[in-house]
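Here is the structure we will look at.
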There are 2 protein chains.
Amino acid sequence: MQIENIIEQKNLKLTSARRELLEILLKENKPICFEDIKDKLTMNKATFYRNILKFQSNDMINSFESNDKKRYYELQNSPHSHFICNICNTIECLKKIDNIELEGYKVMDVVFKGICKNCLEQSR
Amino acid sequence: MQIENIIEQKNLKLTSARRELLEILLKENKPICFEDIKDKLTMNKATFYRNILKFQSNDMINSFESNDKKRYYELQNSPHSHFICNICNTIECLKKIDNIELEGYKVMDVVFKGICKNCLEQSR
DNA sequence: TACTTAAATGCGACTTAATCGCAACTGTAG
DNA sequence: CTACAGTTGCGATTAAGTCGCATTTAAGTA
Ligand SMILES: [Mn+2]
Ligand SMILES: [Mn+2]
Ligand SMILES: [Zn+2]
Ligand SMILES: [Zn+2]
């Protein structure tokens, strides 16, 4: 199983809450926020946030806030950036943009905001 | 005065709350969050947020969330992107990165996260 | 298998950003 | 000066996120 491996690699206890959370994140396969999944969650919300924190400090997930002012979490399968549409609020995962470098900085994450393909087309 | 012009261009009422808020944003000249300025604010916080909203819908300010989970607001003088350091949490305004284009998208804002110059140097 | 213990959990209280409805107020056009 | 739409203050409300503490549990060891 993937989950067992993920947890073991990070030297974390495999608890039922963690299994549940990782299963959700795996299944979704796109950024999700607390509101999206709170009804599915068996665990207490404090446990949810503590595990999110733990996973983040172990580089297992990343998070960012979207235009709806909600924080989105996703598994860090492969590093990639995100595009958030200012019109429809859709979050898209972009393939890694490898030409983005800033002199003197180490870029680890990029979030683009603007107008997505769909919304651009509809505005014509 | 700048403020009068800004407001007039957007067909908004120039109220004392709006003058105060714009003065603060002008003076700061960098992204600030509610907590940073709430003590200076004369207006009620509902008024603060309503004006922030109004200014945003009029493209006068933009906002983004930083690593400290606080939302930062700044005047949209000239379009530019931001770099947020994952170590020291500093927010830097970057000169417009003009080579950032995504096929089919209209990019209006970019937020980079990673390690800033200072923190990179200190880690050596 | 049973024991041990550090780590994880549930619960309830708490903090604080952000929003909302409503009555009172104010900026601006005429 | 007046009228009125738009704005404000206030108080209540919602919801994300955090915290302390008592209880439970995963996982290593005997
Ligand atoms: Mn993604
Ligand atoms: Mn800036
Ligand atoms: Zn869109
Ligand atoms: Zn830094």
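All heavy atoms count here, side chains included; hydrogens, waters and symmetry mates do not. Naming: A, B, ... by sequence-line order, numbering from 1 per chain.
Looking at B:Lys69, its side chain has no donor and acceptor atom pair within 3.5 Å of the base of D:dG17.
Side chain to side chain, B:Asn86 and B:Asn67 meet the donor-acceptor criterion of an N or O pair below 3.5 Å.
A:Ser81 and A:Val110 get closest at one heavy-atom pair: CB-O, 3.2 Å. For the pair A:His80 and A:Leu94, the tightest heavy-atom approach, listed with the atom from each and the gap, is CB-O, 2.9 Å.
Map B:Lys13 and B:Thr42 each onto its nearest nucleotide of DNA chain D; the residue landing nearer the 5' end is B:Lys13. Toward the 5' end of DNA chain C, the nearer of the two residues B:Leu12 and B:Tyr49, judged by each one's closest nucleotide, is B:Tyr49.
Non-hydrogen atoms lying under 4.0 Å from DNA chain C are contributed by A:Ala17, A:Arg18, all within residues 16-40 of chain A.
Put simply, A:Asn44 has no side-chain N or O that comes within less than 4.0 Å of OP1 or OP2 on C:dG12. Between B:Thr15 and D:dG6 there is no side-chain N or O to OP1 or OP2 distance below 4.0 Å. OP1 or OP2 of C:dT9 sits under 4.0 Å from a side-chain N or O of A:Asn51. A sub-4.0 Å separation between OP1 or OP2 of D:dA16 and a side-chain N or O of A:Tyr72 is absent. OP1 or OP2 of D:dG9 sits under 4.0 Å from a side-chain N or O of B:Thr47.
Going from atom CD of B:Glu4 over to atom P of C:dG27 covers 13 Å, rounded to whole Å. Put simply, NZ on A:Lys54 is 15 Å from P on C:dA6, counting in whole angstrom units. Between the CG atom of B:Leu14 and the P atom of C:dA29 there is a distance of 12 Å, given to the nearest Å. B:Leu41 places its CG atom 14 Å from the C1' atom of C:dA18, with the value rounded to the nearest Å. Per the geometry, CZ belonging to A:Arg50 stands 14 Å off C1' belonging to D:dT25, to the nearest Å. Regarding A:Asn58, its CG atom lies at a distance of 13 Å from the P atom of C:dA7, rounded to whole Å.
Among the heavy atoms of the strands, none lies under 4.0 Å from A:Lys70.
Under the 4.0 Å criterion applied to side-chain N and carboxylate O atoms, B:Glu4 and B:Arg19 are assigned as salt-bridge partners.
Proximity of A:Phe112 to B:Leu102: side-chain heavy atoms (C-beta onward) are separated by under 4.5 Å at one or more points.
At least one donor-acceptor pair under 3.5 Å links the side chain of B:Lys10 to the backbone N or O of B:Asn58.
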